[in-house]
Every structure is written in structure tokens, then in C-alpha cells.
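Comments concern the structure below.
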Amino acid sequence: MKLTDQDRAHFTDTGLLHLRGLIPRGKTTAAREAILAELARLGARAGGKWHTSKLPPRLRHQPQFDDVIPQELVPSLNDLAGRELRPALPHPQLLLTPPQKLPWSVPHLGWHLDVKSPSRDELPGIQLFVLLDDVAPQGGGTVAIAGSHKLHRAKSGAAVSAHQVLQTDPLYAALFTPATSNRTRFLSPVDVRGVTVQVIEMHGKAGDVYLMDMRIVHAPATNATKNARMMLTQRYLSQP
């Protein structure tokens, strides 16, 4: 798989890249069926209904997961990073969000990084998300603040995270306040200190892949649909 110049430019600018239909349906179907079989074994899903009290914090690894992410994708990740990346874990991890019977909104809690706030303008790694099933809007897909990778700053020798920058911005601070109404406004581009930022919801079709610069601030979101959100994720980290 080769990325286009447009792909590279978009990833550099926003910190996110949506690659549509990258994974063959046969591989995503096999992984999805393995998940459903495990849920049935546990009694977490039976008769078309969810029994979330029987759902463990993490489902055990299924061999089919290892067949989903193609090895030929790694050189493209290295290309984006400008250096060699290696998987952080031996196997991809499952992200599963069953229907929650709650209204969807852009969350005010849960915004975070999975790495330390960088003190240098250097990409620490790329996180990959694979949709194992169709994920509709408001279907529990991870939400990420595109452009936030450009907001990390070093001040007086100490790192200042993008999270801090956003929380102290006169306009964007409202994202982190539960009383804020009209939260969908954050789904549109906003200028923060000269950087265009926008909340992006990871949804799409089975086989789609999202690539995320690990300096991007992101959060879990509610699944307000009738279908489970099923994704695999793997982090590819820069070598010291």
C-alpha cells in the first residue's frame, strides 16, 4: 500500500488519515464472527440481546485479530513518521462498545493522550484503528481533535500539552464544561492560536482504517446506535 502526496499532506496537517476500504471484508468478517462467538460463550449476547453484566472489561485475544492488519502497511507508517516504527504490543487490541441507550454528544470528559506530552516537535508514534464492522455516526467511534498535535508547546523547559492549551483557550475551553450547550459546534473547524482544530468522529465502513498521530488529543464516545462498535487498534511507536 502506497500513500499519495495528498494523504501525507493531510496527515501532517490534521494528524488524522481515513483510509477507506483498506482491509478485505473477509478478514474483518472473520474477526467479527470470532468476537460474536466469544460474546455468546460468555452469555454477554444471546437471543439478539446484550447482557452487559456478563461482559468482561476486556475480551480475550482471538487469533483472527492477527490476520487483520497487513504487514505491508508498516512501511507506509514509517513513511509518515519519517523513521522506523514498531508495534507497542504483540497483538492488536479490541475496542468494543455495546449499545448504551444514551444520547450522543461531543464528550466533555475523557480527553487524553496515550503518550507523555511531547516537548519537541517530533512524532512519537502512530495509532491505527481498524473498523471490523460498519460504525455509524454516533456509534461509539473514538473522537479526536484534529490539528491538536500542533498545539503542544515547550515553555521554560517544561512541556505544555495541547490539552492545557485547549482548556485555557477562550473559545475551546467550553468543550470541557458539561454545562456547554450546542456541543456539535466542535465538529466544525475552529481556530485556536493560529491552528485549525476540529473534533472528528471515527466512523465508516468495515475495512476502513484510521491513522492517528499519537500527539492528537482524543476521547471515547457514547454509542447511541443499536449496533456494537467493533474496532481493532494497534500503536506503532518510534524507537529511541
Side-chain angles (χ1 to χ4, degrees), residues 1-39 58-97 113-115 122-137 139-144 146 149 200-216 218 220-221 227-240:
M1 190 206 88
K2 291 185 178 180
L3 299 174
T4 66
D5 290 342
Q6 185 178 6
D7 290 335
R8 296 186 192 92
H10 186 79
F11 183 80
T12 298
D13 184 45
T14 68
L16 292 167
L17 184 61
H18 184 186
L19 301 171
R20 293 171 172 82
L22 184 66
I23 309 300
R25 283 291 181 122
K27 292 185 179 297
T28 58
T29 298
R32 185 171 66 251
E33 288 179 348
I35 294 166
L36 293 174
E38 178 66 2
L39 291 171
R58 186 179 297 278
L59 260 66
R60 65 183 182 181
H61 174 73
Q62 302 295 320
Q64 293 85 349
F65 296 172
D66 293 326
D67 296 331
V68 172
I69 300 174
Q71 284 300 311
E72 53 267 30
L73 179 59
V74 176
S76 295
L77 301 181
N78 294 341
D79 180 24
L80 287 176
R83 61 180 59 83
E84 184 179 356
L85 303 178
R86 293 184 181 178
L89 295 171
H91 308 288
Q93 292 181 300
L94 173 65
L95 301 175
L96 175 69
T97 309
L113 297 175
D114 293 328
V115 293
E122 187 174 280
L123 185 148
I126 295 173
Q127 186 166 1
L128 180 149
F129 300 84
V130 180
L131 279 64
L132 297 179
D133 201 357
D134 295 352
V135 178
T142 300
V143 288
H149 63 308
I200 300 295
E201 185 188 2
M202 296 185 192
H203 59 78
K205 300 292 186 181
D208 286 4
V209 171
Y210 281 87
L211 305 181
M212 184 181 77
D213 185 319
M214 290 190 67
R215 295 171 293 180
I216 289 287
H218 58 287
N227 299 314
R229 186 273 299 239
M230 297 184 192
M231 291 184 181
L232 287 183
T233 188
Q234 177 63 286
R235 299 178 183 92
Y236 293 83
L237 302 179
S238 298
Q239 299 304 298

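None of these values were measured; they are calculated from a predicted model.
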Heavy-atom side-chain proximity of [X] to [Y] below 4.5 angstrom:
| X | Y | result |
| --- | --- | --- |
| Val143 | Pro220 | no |
| Met230 | Thr28 | no |
| Leu16 | Met202 | yes |
| Ile200 | Thr14 | no |

Test Arg25 against Lys205 for side chain to side chain contact (heavy atoms under 4.5 Å, CB included), laying out the working first.
-> CA-CA 10 Å; Arg25 283 291 181 122; Lys205 300 292 186 181; 3.9 Å; yes

Is Asp7 paired with Arg20 through a side-chain N to carboxylate O contact shorter than 4.0 Å?
->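 Not counted as a salt bridge, because no side-chain N and carboxylate O are separated by less than 4.0 Å.
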
Minimal non-hydrogen separation, [X] against [Y], with atom names:
| X | Y | answer |
| --- | --- | --- |
| Gly141 | Val135 | N-CG1, 4.2 Å |
| Thr97 | Gly140 | OG1-O, 4.2 Å |
| Gln234 | Pro87 | NE2-CB, 3.7 Å |
| His61 | Pro92 | ND1-O, 4.1 Å |

Under 3.5 Å, is there a donor-acceptor pair between the side chain of [X] and the main chain of [Y]?
| X | Y | answer |
| --- | --- | --- |
| Ser238 | Leu85 | no |
| Arg83 | Leu123 | yes |
| Tyr210 | Gln127 | no |
| Thr12 | Ala9 | no |
| Asp134 | Ala206 | yes |
| Gln62 | Ala31 | no |
| Arg229 | Gly139 | no |

Could you go step by step and tell me if Arg8 and Leu80 meet the side chain to side chain contact (heavy atoms under 4.5 Å, CB included) rule?
-> CA-CA 6 Å; Arg8 296 186 192 92; Leu80 287 176; 4.1 Å; yes

Would you sort out whether Met212 and Phe129 count as a side chain to side chain contact (heavy atoms under 4.5 Å, CB included), showing the intermediate values?
-> CA-CA 8 Å; Met212 184 181 77; Phe129 300 84; 4.2 Å; yes

Identified side chain to side chain contact (heavy atoms under 4.5 Å, CB included) partner of Leu132 from the options Ile23, Thr29, Ile35 =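 Result: among Ile23, Thr29, Ile35, Ile35 is the only option passing the side chain to side chain contact (heavy atoms under 4.5 Å, CB included) with Leu132.
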
To the nearest 0.5 Å, how far apart are [atom1] in [X] and [atom2] in [Y]?
| X | Y | atom1 | atom2 | value |
| --- | --- | --- | --- | --- |
| His203 | Met231 | NE2 | CE | 9.5 Å |
| Arg235 | Leu128 | CZ | CG | 11.5 Å |
| Arg58 | Leu94 | CZ | CG | 8.0 Å |
| Leu131 | His18 | CG | NE2 | 6.5 Å |
| Asp213 | Leu17 | CG | CG | 11.5 Å |
| His91 | Leu232 | NE2 | CG | 12.0 Å |

Carefully, step by step, assess Thr142 and Thr233 under the rule side chain to side chain contact (heavy atoms under 4.5 Å, CB included).
-> CA-CA 11 Å; Thr142 300; Thr233 188; over 6 Å; no

